[in-house]
2 protein chains.
Amino acid sequence: MLHQGAADSSQQSSTAPTIPTLYSGIVPTTTTAHTPHVPSACQVCGDQSSGKHYGVLCCDGCSCFFKRSVRKGTMYACIAAKGNCVVDKARRNWCPYCRLQRCLAVGMNVAAVQEERGPRTQATAIAKHGGITPSPTGAVNAVNATGNAMNFQILAQILVTCLRQAKCNEQFRTLAAAQQEAILSTVWNECFVLRASHWSLDISAMIDACGDPQLRRIIVEAKQLRADVMELNFLETLILCRKELAVSAENAVLLESYANGALVSLARYTIQQSNWLRFGTLLLGLRQLTQRCYESLLSSLFRSVVKDIVKSL
Amino acid sequence: MLHQGAADSSQQSSTAPTIPTLYSGIVPTTTTAHTPHVPSACQVCGDQSSGKHYGVLCCDGCSCFFKRSVRKGTMYACIAAKGNCVVDKARRNWCPYCRLQRCLAVGMNVAAVQEERGPRTQATAIAKHGGITPSPTGAVNAVNATGNAMNFQILAQILVTCLRQAKCNEQFRTLAAAQQEAILSTVWNECFVLRASHWSLDISAMIDACGDPQLRRIIVEAKQLRADVMELNFLETLILCRKELAVSAENAVLLESYANGALVSLARYTIQQSNWLRFGTLLLGLRQLTQRCYESLLSSLFRSVVKDIVKSL
DNA sequence: CCGGGTCATCGGTCAG
DNA sequence: CTGACCGATGACCCG
C-alpha cells in the first residue's frame, strides 16, 4: 500500500480520471527493448498488468482481490446501489462489489482459483531439524486441471439439460420468446440448482471438482428438500413464473396466474400424500434457494456458457 | 519507488532532540536486519511505533491524526501562537497545529493519504458461525441532512418498534439471547419491511423522504401482500425462525420446529377463510421480501442505529 | 508464466 | 477527537 501511495504521488499527483489509457500510446516502441515484462493494462482497473491471472490480463491487486473474494465467498453490496461504479486504479477499492463484477465481466475464471494451501515453509525446515513431522494440515489438493475441466464440461451439460427442461415447462413454454429469454437469463441458476440437486445420479464429485465451495453448499441445502418429480415441476414453475420479471403488463398478469395455478396444484398434490407442512416447507425451500443463488458466485462458473445456452434453444 | 524518507527517517532520529533514547538500548543487535517488527520510536511524538505510516516510522495515533488532518484539510492554529509546542507522547494532543507541523517536518507524505472510501461493505458472512452478520452497507450519502432528518428519525422509531415486536414474538422470545441477537442482526431488515409495509398509518411520505428509491419499491411490493395481523405474525415467525441462522445444532432443531409450527398455523388460518392460494401467495411473498431486502441498500440507511437497537432490548 | 503465500501498510471502527 | 484494533490490500517472493 505504501508502494501504491508512492507510485501515485510520483506519477499522477492527483487522482487522474484518465488512467486506463496509461500505456496506450507510450510503450509500443520501447516494449521489446529492455522491459522486464510486457507492460499491459489490467483489464479490470487499467493499472499496469503483471501478466495473465485466472485467464485475464490484470494487475496483482485485482488478481489477489479476485482470489480472496472467491475463496471467502463473500458477497458484496454495491456502495452506490447502482452496480456501475467506476473501477480504475484510483478508485478500485471504493466498491468491492463493482470491482468483482468487473473481474467476472472481463472473464476471470472462478474455477482457476485453487483451494487454500497451508503456510509456505516450516514443514521441511522442521522435518530436517527434528524428526517430528508436523501435520501438513491442508492436504494440498493440486487437483487435476484436466479432470477438473472435464467435470466442468459435464456440469455444463447438466446445465443445458436443466434449461431445456425449463423451456419445456408447461406454463413457461407458452410465453413469448423475448419474455422467456428475459426470465431465463435471470433465474437460470435457480433452475440449475433445483434440478442438479435432485439429479438421478450422484454428481457431488463433479460439483466439488468445480472448486466453488459456495455451489457445493447450495446444492447440499437444496438436496434436503427431497422433492419428487411432481414437486420439482411445480417448484420450477414457481421459479420461472414470477410476475416481477414480466416485460409487459399483460405478461405480469399471465405470469401471476401461472404461479397461482402451480401453487394450487402443488397444494393439492402435497396434501393428498402428507400434510400442509410439506407444502409450506417446499415454498420456504424456494426462498432459501433464491437467496442463496443470488448471494453466490455460481453465475461466474457458467458465465461464459449460459449466455449462449439461453439464446440457442 | 519506496520512500527515500523511509531510509532517512529510520536512521536520523536526530530530528527529535528528546526522543531517541526511548528504545535505543533495547533492540541493539537486531536493528537493521529483518526482524518481524522492531519496536521503534514514533518520529513525531516518541511513543512506540507500530511501523511505517505515510513513509515515516510513527505510532497509530500520529498516523491516524495525520490521515484525518489531511483528509479534512482543517487548518489548525497554534494554541501558544508560537508554533513551537513540545510534541511528545504526553502532550501531543495539546496542540494539533504543532503536531501536524511535526508530522510534515519528519517527512510524512501527504500524497500517500488516500481518499475516503465508503463504509465497509461486508455482506452476509455465510457458513461458519452463521451468527455474525451485519448486512451489506453502502454509503448513502448524507443527503437528507436537513429537513428529512426528522422523517428519518421517525422511521428509525418505527424500526425500533418493529424489532421490539420481533423480540416479543411468541416463538422467538424463547430463544437464548445470543441466538436472538445473531438472528436479528441478519433479518432485521425483513422484519422492518414486513411491519412497515403494513403500518396502520400511511408512512409512504416518510419513506420517500429517506431518499432511498429501493426502500420505496420494497415497501410497495410488500404492501401488496395485504396481510392481516394474524398473517403478519406467522410470517414474522417464518422470518425469525430460520434454521440456517442457528448458532448450535440444538437451536437448528428448535428453529425448524418453530417454523413448522408457524407453517401449520398459517395454513389452518388461511384455509378457513379462503383457500390454498392465499397460503402459497404469502409464502412466495416471503421469498420476494427476502430477496429484495438483501439486494437493497436498506441496511445502509439504518446502519448506524440498527446495531444499538439490536443490542438494547 | 502463473498458480500460491507473506506481511508491511493502508483502510474503517468505535469505545473512551 | 483520539487511538487501539482488526480486516483488506498489493508488491514481492517461491515453486
Side-chain angles (χ1 to χ4, degrees), chain A residues 1-8 36-38 42 44-45 47-72 74 76 79 89 92-94 96 99 108-109 111-122 124 138 140-143 145 211, chain B residues 1-3 6 34-38 42 44-45 47-69 71-72 74 76 89 92-94 96 99 108-109 111-122 125 132 134 137 139 303-304 307-308 311:
Chain A
M1 219 49 166
L2 196 172
H3 327 284
Q4 185 191 340
D8 286 351
H37 46 57
V38 185
C42 166
V44 176
C45 73
D47 194 3
Q48 163 98 246
S49 162
S50 65
K52 274 198 186 184
H53 296 281
Y54 310 106
V56 167
L57 271 175
C58 65
C59 63
D60 276 335
C62 290
S63 153
C64 234
F65 169 78
F66 184 72
K67 177 176 67 182
R68 279 192 297 260
S69 298
V70 172
R71 286 243 182 90
K72 292 193 308 179
T74 49
Y76 304 109
I79 202 170
K89 182 181 176 179
R92 64 189 176 203
N93 283 321
W94 287 12
R99 189 183 192 181
M108 291 180 76
N109 181 8
V113 177
Q114 301 171 11
E115 201 81 20
E116 192 168 357
R117 300 178 187 169
R120 197 157 46 193
T121 49
Q122 290 184 353
T124 48
V140 178
N141 197 351
V143 193
Chain B
M1 198 72 167
L2 293 180
H3 293 256
H34 68 295
T35 43
H37 55 346
V38 186
C42 166
V44 177
C45 73
D47 194 2
Q48 166 133 358
S49 161
S50 65
K52 278 195 189 182
H53 297 281
Y54 310 106
V56 168
L57 272 173
C58 64
C59 63
D60 274 335
C62 290
S63 154
C64 235
F65 168 78
F66 183 72
K67 176 176 65 182
R68 279 192 294 260
S69 299
R71 287 247 182 87
K72 293 190 306 182
T74 47
Y76 303 112
K89 181 177 179 179
R92 65 191 177 199
N93 283 323
W94 288 15
R99 189 185 192 180
M108 290 181 75
N109 181 7
V113 177
Q114 302 173 9
E115 265 182 82
E116 192 170 358
R117 301 176 189 171
R120 263 216 258 278
T121 75
Q122 275 208 347
I132 330 112
T137 65
R303 193 178 60 81
S304 53
K307 200 183 298 176
D308 296 327
K311 276 184 187 170

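Atom set for the values below is all heavy atoms of this structure, side chains included, hydrogens, waters and symmetry mates excluded. Labels below follow one simple rule: chain letters A, B, ... track the order of the sequence lines, proteins then strands, and each chain is numbered from 1.
- Rounded to an integer number of Å, the gap from Trp94(A) CH2 to dT9(D) P is 15 Å.
- In this structure, the separation between CG on Asn93(A) and CD on Gln114(B) is 6.5 Å, given to the nearest 0.5 Å.
- Under 4.0 angstrom from either OP1 or OP2 of dG3(D) there lies no side-chain N or O belonging to Lys67(B).
- Regarding Lys52(A), its NZ atom lies at a distance of 16 Å from the P atom of dG4(C), rounded to whole Å.
- OP1 or OP2 of dT9(D) lies within a sub-4.0 Å distance of a side-chain N or O belonging to Arg68(A).
- Between Arg71(B) and dG12(C) there is a side-chain N or O to OP1 or OP2 distance below 4.0 Å.
- Taking atom CZ of residue Phe66(B) and atom P of nucleotide dT2(D), one finds them 14 Å apart after rounding to whole Å.
- Put simply, CD on Gln114(A) is 19 Å from P on dC14(D), counting in whole angstrom units.
- Atoms NE2 (His53(B)) and P (dG3(D)) sit 13 Å apart, rounded to a whole Å.
- OP1 and OP2 of dA8(D) both lie 4.0 Å or more from every side-chain N or O belonging to Arg117(B).
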Anything under 3.5 Å between a donor and an acceptor, one on a side chain of residues 51-61 of chain A, the other on a protein residue two or more places apart or in another chain? List them.
residue	atom	partner	partner atom	Å
His53(A)	NE2	Ser50(A)	OG	3.0
Asp60(A)	OD1	Ser50(A)	OG	3.2

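- Taking atom CG of residue Asp60(A) and atom C1' of nucleotide dG5(C), one finds them 13 Å apart after rounding to whole Å.
- Within the 4.5 Å cutoff, the side chain of Asp47(A) has heavy atoms near those of the Arg92(A) side chain.
- Computed from coordinates, the Arg92(B) CZ to dT2(D) C1' distance equals 9 Å when rounded to whole Å.
- Proximity of Arg99(A) to the phosphate of dG10(D): a side-chain N or O atom is located under 4.0 Å from OP1 or OP2.
- Within the nucleic acid shown, Lys89(B) has no heavy atom closer than 4.0 Å to any nucleic acid atom.
- Cation-pi geometry between Arg99(B) and Phe65(B) is met: under 6.0 angstrom from the ring centre, within 45 degrees of the axis.
- Distance Asn109(A) CG to dG3(C) C1': 13 Å, rounded to the nearest Å.
- The stretch residues 62-71 of chain A participates, sequence neighbours left out, in these side-chain hydrogen bond (donor to acceptor under 3.5 Å, both in side chains) pairs: Ser69(A)-Tyr76(A).
- Considering only side-chain N and O atoms, Asn93(B) lies under 4.0 angstrom from the phosphate OP1 or OP2 of dG3(D).
- In this structure, Tyr54(A) reaches the dG4(C) phosphate: one of its side-chain N or O atoms is under 4.0 Å from OP1 or OP2.
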